[in-house]
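Quick note on labels: first sequence line is chain A, next is B, and so on, each numbered from 1.
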2 protein chains.
Amino acid sequence: MYDELKYWYIRDHKLFRTLSMSQIKQLCIITGFKKATKGEIIYFSSSDLPRIFLLKKGHIKIVTVDEEGNETIKDIIQKGDLFGELTLETDNQVNEYAKALSDDVTICSFLMSDFEDLLLRNPSLALSYTKFVGLKLKRIRNSYSNLIFKDARTRLHQFLKDWAESEGIKTENKVVIENYLTQNDIAQIICTSRQTTTHLLNEMEENELLQYNRKEISIPDIRKL
Amino acid sequence: MYDELKYWYIRDHKLFRTLSMSQIKQLCIITGFKKATKGEIIYFSSSDLPRIFLLKKGHIKIVTVDEEGNETIKDIIQKGDLFGELTLETDNQVNEYAKALSDDVTICSFLMSDFEDLLLRNPSLALSYTKFVGLKLKRIRNSYSNLIFKDARTRLHQFLKDWAESEGIKTENKVVIENYLTQNDIAQIICTSRQTTTHLLNEMEENELLQYNRKEISIPDIRKL
DNA sequence: CTGTCATTGTAAACTAACTGACAATTAGTG
DNA sequence: CACTAATTGTCAGTTAGTTTACAATGACAG
């Protein structure tokens, strides 16, 4: 029964919809599970064999730490996202780890080598996967080019729009986002200081562009951003 | 005889080494060629069927133009690089084009649909291609995260290091780079103003970290950057 | 209910980098 | 070879955003 659950977890991802049960089994025999609560650090066990991860539930951030111990956010992973070495190449960057942002994080993983075997046997899956990585590439490139050229205000607006787009619950033009990020997190994502972010958020609240609190962000009219 | 040349052009790319002659033919029947000289604009003919491009010779930059007509450099493509829609998804962003940076630009291209067919029939090629796209993703992510957090000076240093690494001719610790970029191009790549770039380059020349001219950049000791 | 820690709010001094404006130099073309 | 356009050099004024520092608020554990 527990085994059944495992399969379902993987099968649920749109990338794996085309797979047969036996192919899923091939991956899942070695599937690892992990649960985490808020603030918990999840290492990409570099000692272990390289793995690909799939976030089933919750939110996590991928973080790197530089020589001086400064955390920088590399990516925010949402439910349904694949992460880890998408290049299918092993990389021994030890100073990179994931951190749970919500209390109900569930991750499953499988060996990269098994995944590669599967791709070789299933060209259409390989094609889907390539498109998936390509899409990720495009998303990252776009968000970065937004980040770099515009000022902090525009960057915050753009970030909120993107966030609302991908996760917000929309009714008419009003959008409500579950806020699992601190202002400091947001600051890091849009590459500005915590103070500037606080300032801008308060400014937007004064102009009635949004209501901010630690649980949720509510945007009365998304078109005005 | 001309046909033979065509095949060779594609076969030369490391991605295609594993292909049989007939598979190459399948791609090449519809291969398009293009030559360009410095400054020439090459459109990703959006009216035409979507294509994948391979830069055989020279250097080009991928550029987007925003509403106000400002050019921003999205990518620099070097000899041997594949470019175009790596996502294998059509995208109707018309405000994106390529511009030749050197006088001897040669591009060949093939239809995306043909490429997809080939990937489906050739799983190991699909896997290689996936890794290729993944690598591109990693490269872009790294270069961006370098760009964003550091100041202009560090960014320029990092850029020069990367450039020297990928294209420079190294003897001992001295590196010579063929300079096909203007200071304005460099400024756009490292996201700063043209004046700041000029200032920093001159500063580095004073400190004998490099010698700059329009033809080449010579770095006496790459470790000092 | 209270103490503690994380998060958010606010302000002043400081600085890197941008903008605009113009001059000097170099490359390419007829 | 001279003319033109592109590239590079230089400067002063301005500004967005950082830094430092501390206060206020909220959340959570015992």
Requested in this report: Could you pull out all residues at least two apart from B:T198 that satisfy side-chain hydrogen bond (donor to acceptor under 3.5 Å, both in side chains)?
Outcome: B:Q183, B:R194

Query raised in the report: Judged by atom type as modelled, is there a donor-acceptor pair below 3.5 Å linking the side chain of A:R155 to the main-chain atoms of A:C191?
Result: yes

Query raised in the report: Got a second to check how far B:K38's NZ is from B:D104's CG, nearest 0.5 Å?
Result: 11.0 Å

Query raised in the report: Could you give the distance from CD (B:E40) to CG (B:D103), rounded to the nearest 0.5 Å?
Result: 9.5 Å

Query - Sequence-distant partners of B:Y180, ring-ring contact (aromatic ring centres under 6.0 Å, His included), two or more places apart - result: B:H59, B:W163

Query raised in the report: More 5' along DNA chain C: B:R155 or A:Y212, using each one's nearest nucleotide?
Result: A:Y212

Report task. Starting at atom CD of A:E206, determine the distance to atom C1' of C:dT8, rounded to an integer number of angstrom. Result -> 15 Å

Report task. For DNA chain D, find the residues of residues 193-203 of chain B with a heavy-atom distance under 4.0 Å and give them by number; none if there aren't any. Result -> B:R194, B:Q195, B:T198, B:N202

Query - Where B:L181 and B:L101 come nearest, the two heavy atoms and their spacing - result: CD2-CD1, 3.7 Å

Query raised in the report: Tell me, which pairs form a ring pair (Phe, Tyr, Trp, His ring centres under 6.0 Å) where one or both residues lie in residues 183-225 of chain B, sequence neighbours left out?
Result: none

Query raised in the report: What heavy-atom pair brings B:F159 and B:I186 nearest, and what distance separates the two atoms?
Result: CE2-CG2, 3.9 Å

**Report entry** Partners meeting side-chain hydrogen bond (donor to acceptor under 3.5 Å, both in side chains) with A:D81 (sequence neighbours left out)
**Finding:** none

Report summary line: Sorted by chain and residue number, the side-chain hydrogen bond (donor to acceptor under 3.5 Å, both in side chains) partners of A:Q158 (sequence neighbours excluded) come out as A:D162

**Report entry** Side chain A:T192, main chain A:Q188, donor-acceptor under 3.5 Å
**Finding:** no

Query raised in the report: When the distance from CG of A:L101 to P of C:dT7 is rounded to whole Å, what number comes out?
Result: 11 Å

Requested in this report: Kindly state which residues belonging to residues 174-192 of chain A come within less than 4.0 angstrom of DNA chain C, counting heavy atoms of the residue only, listed by number.
Outcome: A:T182, A:Q183

Query - By salt bridge (Lys or Arg N to Asp or Glu O under 4.0 Å) - contacts of B:R153 (at least two apart) - result: B:E203

Dump every N/O contact between nucleotides 25-30 of chain C and the protein below 3.5 Å, one line per pair.
none

**Report entry** Start and end of chain A contact along DNA chain D [non-hydrogen atoms, under 4.0 Å]
**Finding:** D:dG17 to D:dA27

Query raised in the report: Looking just at side-chain N and O atoms, do B:T72 and B:T64 make a donor-acceptor pair shorter than 3.5 Å?
Result: yes

Query raised in the report: Which residue pairs pass the salt bridge (Lys or Arg N to Asp or Glu O under 4.0 Å) test with at least one member in residues 211-225 of chain A, sequence neighbours excluded?
Result: A:D221-A:R223

Query - Divergence of helical axes at both termini of the helix from C:dC1-D:dG30 to C:dG30-D:dC1 - five pairs an end, 10° steps - result: 50°

Report task. Could you tell me whether B:E205 atom CD has more than 12 heavy atoms of other residues or ligands within 6.0 Å of it? Result -> yes

